[in-house]
There are 2 protein chains.
Amino acid sequence: MPDKFRGNLLALAVMVCLYERPMHPYEIVLTLRQRHKEESVRLNYGSLYAVIASLLKRGLVAVVGVERQGRLPERTVYCLTDSGKEEVHQWMADLISTPTREYPSLAVALTFLPVLSPDEALRLLKERALSLETRLVQGQASLQWVQRHGLPRLLWIEAEFLLRLTEAELQYVRELIGEIEAGTLEGTDFWKALHESQELSLGIILSEKAQYPEETGIRAGGQGTAPRKRTRHG
Amino acid sequence: MPDKFRGNLLALAVMVCLYERPMHPYEIVLTLRQRHKEESVRLNYGSLYAVIASLLKRGLVAVVGVERQGRLPERTVYCLTDSGKEEVHQWMADLISTPTREYPSLAVALTFLPVLSPDEALRLLKERALSLETRLVQGQASLQWVQRHGLPRLLWIEAEFLLRLTEAELQYVRELIGEIEAGTLEGTDFWKALHESQELSLGIILSEKAQYPEETGIRAGGQGTAPRKRTRHG
DNA sequence: TTCAGGGTATTCTATTTAGAGTACTCTGAA
DNA sequence: TTCAGAGTACTCTAAATAGAATACCCTGAA
């Protein structure tokens, strides 16, 4: 059970469902949906059946039987095998013990922020802040609702965690807005000048001339790519 | 330029590179790497050429020419078209203004945390906390290095942001560890009992009997799936 | 009565994706 | 001198992915 097949976390969700009892694919979807797991696991039909086929091939799930109701399509019922249970454990352990590099879309956007004008960036960041606030309020309300209805917190920690990340994001966005407005974000002057002239010489956006650390050995990532020396071509 | 094609953020990175000047694909990779953009954009050869082909097909980039050095493979040089520039703007604007649902892998893991025993979970969470601390220290050092070498902060905000998220995650993980150890995480007693008996009746992991909000209208997500009524089958 | 609208359950298909593979060049140490 | 090792530049392929499409069922309002 190498981690080569650990691509889609939906596979884990499927296996955990089958841990409970045998189900057919559509029933798995309904279960996950009903329990709001679609908020932490990306869920869609296209992947579902492919993922199950892959689990079947690898012997992690097995076919229990085939049902049929009227002339609706057949429902193949699957169960978790022993090696499936083992895989669930192993996968969970890896997932928790080892942080992986994630690529939140805002990180990409911030990377290339200078392609937008400061004014535009400011407007858009404020818009985002607003959305985040709404999301936060709704999320908190949702959490409170759940609490009032006696669902133990243990079963909602993922929602709590997601909310924390949202809070952190909002806080950062707010700080950024403040600093751009105040002009205390180092580089803002240049950024403004860039967009006041007609032609964007966007080399600067990727900091063409800037001195980047070429070989520091200091990398934020865990097991990132091997460091590379500088190269020139042409 | 609908957002149907907005799948891979590498496409955005490629276009921003070409904003600067025409390049051939491999040169784009080198540029992004040299400037440490691989830390915020998922980068690999397999996708690169496919992504560029797709941009070409949609008229967002165009072929400027083909070079060749010795008997090395040909280098096709691409440039950004006008509609490519527009698309960069539009995409950036959407990316910043509208938060999307993200699926950090820890969220999934927490969702299914009860499949592991509390002791195991605790051990693994501590391991993660350690990794996160290391990553944090390295990231901070990296940021300081950059600052000392005069790179304006504007060009490093994505790293700052990523670090913030890591901090938030670490903080949450620490709190969780504390609460599990102290037994103040509501549901822990049950969780322990579950793993002390032989057979895991894991229905509870997905909280089979629990009352979920079926139709509250309160959803954390922005434009999530339409709310669904409960269903029963079999 | 009939048919819109929503639920059930899966399949299909065009893209994407990851990562290995290929095939060449250059440098420098033994 | 020769050849390992690193870099250059792209291609290939198996697999995964998203989401539309299919095809059926049921309920209830006009």
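Quick note on labels: first sequence line is chain A, next is B, and so on, each numbered from 1. The shown structure was predicted, so the numbers you read here are calculated from the model rather than taken from an experiment.
- In this structure, Leu163(B) and Gln140(B) have side chains that are in contact, with non-hydrogen atoms separated by less than 4.5 Å.
- No donor-acceptor pair under 3.5 Å is formed between the side chain of Arg75(A) and the backbone N or O of Glu67(A).
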Pull out every protein N or O sitting under 3.5 Å from an N or O of nucleotides 14-17 of chain C, one pair per line with the distance.
from	atom 1	to	atom 2	distance (Å)
dT17(C)	OP1	Asn8(B)	ND2	3.3
dT17(C)	OP2	Asn8(B)	ND2	2.6

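- Between the side chain of Thr111(A) and the main chain of Ala107(A), a donor-acceptor pair closer than 3.5 Å is present.
- Between Leu132(A) and Glu169(A) there is a side-chain heavy-atom pair separated by less than 4.5 Å.
- With rounding to whole Å, Leu55(A) atom CG is found 13 Å from dA16(D) atom C1'.
- The shortest distance between the side-chain N/O atoms of Tyr49(A) and the OP1/OP2 oxygens of dT11(C) is not below 4.0 Å.
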Give every pair of a protein N or O atom and an N or O atom of nucleotides 21-25 of chain D that lie under 3.5 Å apart, one pair per line with the distance.
none

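- With rounding to the nearest 0.5 angstrom, the CE atom of Met23(A) is 11.0 Å from the CD1 atom of Ile52(A).
- A donor-acceptor pair under 3.5 Å links the side-chain atoms of Ser97(B) to the main chain of Ala93(B), judged by distance alone.
- As a whole-Å value, the separation of Glu74(B) CD from dT22(C) C1' is 16 Å.
- End-to-end axis angle of the helix from dT1(C)-dA30(D) to dA30(C)-dT1(D), using five pairs per end and rounding to 10°, comes to 10°.
- Residues Asp94(B) and Arg6(B) have side chains in contact (heavy-atom distance under 4.5 Å, counting atoms from C-beta outward).
- The aromatic rings of Trp156(A) and His36(A) sit tilted, their planes meeting at an angle between 30° and 60°.
- Taking atom CE on Met23(B) and atom C1' on dT8(D), their separation rounds to 16 Å, with Å as the unit.
- In this structure, the OH atom of Tyr26(B) is 8 Å from the P atom of dG7(D), given to the nearest Å.
- With hydrogens and angles ignored, the 3.5 Å screen pairs a side-chain donor or acceptor of Asn44(A) with a backbone N or O of Ser47(A).
- With hydrogens and angles ignored, the 3.5 Å screen pairs a side-chain donor or acceptor of Ser83(A) with a backbone N or O of Gly59(A).
- Distance His24(B) NE2 to dC10(D) P: 6 Å, rounded to the nearest Å.
- Side-chain contact of Glu160(B) with Tyr172(A): a donor-acceptor pair under 3.5 Å is present, judged by distance alone.
- Going from atom CG of Leu30(A) over to atom C1' of dT10(C) covers 13 Å, rounded to whole Å.
- To the nearest angstrom, P of dG7(D) lies 17 Å from CZ of Arg75(B).
- As a whole-Å value, the separation of Arg6(A) CZ from dA15(D) P is 18 Å.
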